[in-house]
Amino acid sequence: MPLKTYGVLIARAVDARREGSANTPHYQIELTDDQGTHYRASVNVKSQERPNELLYLVDDDLRHPVTARLAGLASGWNSLPAGPGGPNLDFVRGNLFDPSKMRVLPPDVAGPDNDLADLLDHYVRRAIDDPAARLYVFGERWGPEADVRDKIFGFLPGNGVHDIHMNQGNSRRFQGDDGVWQDGGLLVRFPGQEPAQERWVAVFLAFQSQKWHTDDSTGHALPGTAPDTGTDTGGGRPAPGTQPIRIVGALVNPRGPAPEAETVTLLNASPATVDLTGWRLLDRLGHSSPLPPVPIAAGAALPVLLTGGAQLGNHGGEITLLDAAGLKVHGVSYTAEDAGREGWTVVF
């Protein structure tokens, strides 16, 4: 079953410590919301399963519609119902980042700037030093525990967030945590002096034992998916540059009256012709449009007119490409700003 209490904590970081447990070390962050309630964010930096090192990706200038969807949420803990309608994170369906760009870091080794704890410390300390910065911590909540002091920072009641990592495609041992639209993550908002200077930093973490082709209902790894090896034959996480068919453009806001003729442009980057029979394009809500059942030659581009359900909203959205087996091939996202120029194609 999925996480019991998934959501996002919006709060200010006030302290951080490394936890030196040999088996399951964490990077610990103390936070306070605008009402003065204290929380601890417990971020995994080592896996209990081999390989122990985590996959990570940092986007130090996140431009994704999820940031607009977070607007208006209150300081403190916000429960998020399952599904694609809100600001929930999903590493497979949300097109938050390119999984092929994830890298491995050891949890905590001697020396500066060479492990995952150092990386987290760099961004969290910046947030601590900026009173206006806010952390958006996605994961599962525990507490409040009325009679239990926090074991790291000592505040009362004990209260916090964990599972701040991918929460689907788990091995059998942790399959009970699988779900869709419930992945963890750490986003930091730096407001800046002017609205145009606002900047978001995102840290995404996953275990090497997790799979990247998962069931749309349960979040379980699809049968036959091998462990992640960083290749296109592994757990579904492609190696850089190996996606054969890619989304390279989208006419989100065409000129003219509704219904608009929205198009998505595909590129065959591979050296072989690919038959698109049975392939589909999805929007964020899972509405699909079929691709024309034609071959696309090596190096060729193909504009696809969206029919049959998928829609590209002008307030930002995601576009996902599925092959005939229903497996994700590629995915992109665009913001309201990207879609704001009528008649222009968004280039990915």
Side-chain angles (χ1 to χ4, degrees), residues 3 6-33 37-60 62 77 89 91 96-97 102-130 133-143 145 149-155 158-167 170 174 177 182-190 200-210:
L3 302 182
Y6 177 73
V8 58
L9 170 66
I10 304 174
R12 183 188 172 200
V14 295
D15 198 2
R17 296 181 191 175
R18 299 166 184 254
E19 186 181 34
S21 170
N23 294 323
T24 56
H26 294 76
Y27 182 84
Q28 308 283 7
I29 309 168
E30 183 180 7
L31 307 101
T32 59
D33 64 20
T37 303
H38 286 251
Y39 305 82
R40 172 165 55 90
S42 184
V43 185
N44 291 74
V45 296
K46 182 179 179 181
S47 173
Q48 296 183 44
E49 298 189 326
R50 294 184 180 277
N52 297 129
E53 295 83 3
L54 267 65
L55 293 162
Y56 82 95
L57 184 141
V58 174
D59 187 340
D60 62 5
L62 178 69
W77 175 256
L89 304 186
F91 290 7
L96 293 154
F97 57 90
M102 298 193 90
R103 296 293 181 265
V104 173
L105 264 182
D108 191 3
V109 296
D113 302 325
N114 61 0
D115 58 44
L116 188 51
D118 289 337
L119 181 143
L120 291 164
D121 205 52
H122 171 76
Y123 293 103
V124 172
R125 293 292 173 187
R126 281 178 55 194
I128 292 173
D129 291 340
D130 183 349
R134 292 296 181 270
L135 268 63
Y136 292 68
V137 187
F138 291 81
E140 183 175 44
R141 183 179 183 178
W142 80 81
E145 301 168 323
R149 287 195 175 275
D150 184 77
K151 69 175 185 178
I152 303 296
F153 299 105
F155 57 79
N159 199 21
V161 185
H162 62 164
D163 289 330
I164 307 168
H165 49 66
M166 185 175 179
N167 290 305
N170 284 302
F174 296 103
D177 292 336
Q182 59 153 40
D183 285 329
L186 183 65
L187 275 58
V188 189
R189 177 177 172 266
F190 295 99
W200 289 79
V201 173
V203 181
F204 302 114
L205 302 172
F207 300 116
Q208 294 187 68
S209 56
Q210 290 173 314

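For this chain, numbers begin at 1 and follow the sequence in order. Please read all numbers here as calculations on a predicted model, not as lab measurements. All values below come from the heavy atoms of this structure, side chains included, with hydrogens, waters and symmetry mates left out.
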request  = Mark yes or no for whether R125, through its side chain, and A16, through its backbone, hold a donor-acceptor pair below 3.5 Å.
outcome  = yes

ask   = Is E49 reaching over with its side chain to a backbone N or O of Q208, donor-acceptor style, under 3.5 angstrom?
value = no

message = Please determine whether side-chain contact (heavy atoms from CB on, under 4.5 Å) holds for the pair Y27 and D121, giving the CA-CA distance in whole Å, both sets of side-chain angles, and the decisive distance to 0.1 Å.
response = CA-CA 8 Å; Y27 182 84; D121 205 52; 2.5 Å; yes

note = Test side chain to side chain contact (heavy atoms under 4.5 Å, CB included), reference L120, set V45, I29, V58, output is V45

ask   = When you measure from the centre of the six-membered ring of F190, is the NZ or CZ of R126 under 6.0 Å away and within 45° of the axis?
value = yes

query = Checking side chain to side chain contact (heavy atoms under 4.5 Å, CB included) against F207, which of H165, M166, Q48 comes through?
reply = H165

query = Where the side chain of R40 meets the backbone of I152, is there a donor-acceptor pair that is under 3.5 Å apart?
reply = no

request  = Check whether any side-chain N or O of R149 sits under 3.5 Å from a backbone N or O of G154 as a donor-acceptor pair, and report yes or no.
outcome  = yes

task = Start with the C-alpha gap between E19 and K151, add the side-chain angles, then the distance that decides, and say whether salt bridge (Lys or Arg N to Asp or Glu O under 4.0 Å) holds.
result = CA-CA 11 Å; E19 186 181 34; K151 69 175 185 178; 3.7 Å; yes

request  = Give the intermediate values and the outcome of side-chain contact (heavy atoms from CB on, under 4.5 Å) for residues Y6 and D163.
outcome  = CA-CA 9 Å; Y6 177 73; D163 289 330; over 6 Å; no

query = Is it true that Y39 and F155 have ring centroids separated by less than 6.0 Å?
reply = no

query = Where the side chain of N167 meets the backbone of Q182, is there a donor-acceptor pair that is under 3.5 Å apart?
reply = yes

inquiry  = Is the ring pair W200/Y136 parallel, tilted or perpendicular, if the boundaries are 30 and 60 degrees?
reply    = tilted

ask   = So, does N52 use its side chain to make a donor-acceptor pair with the main chain of S47 at under 3.5 Å?
value = yes

task = Please test I164 against L205 for side-chain contact (heavy atoms from CB on, under 4.5 Å), starting from the C-alpha separation and ending with a verdict.
result = CA-CA 8 Å; I164 307 168; L205 302 172; 5.8 Å; no

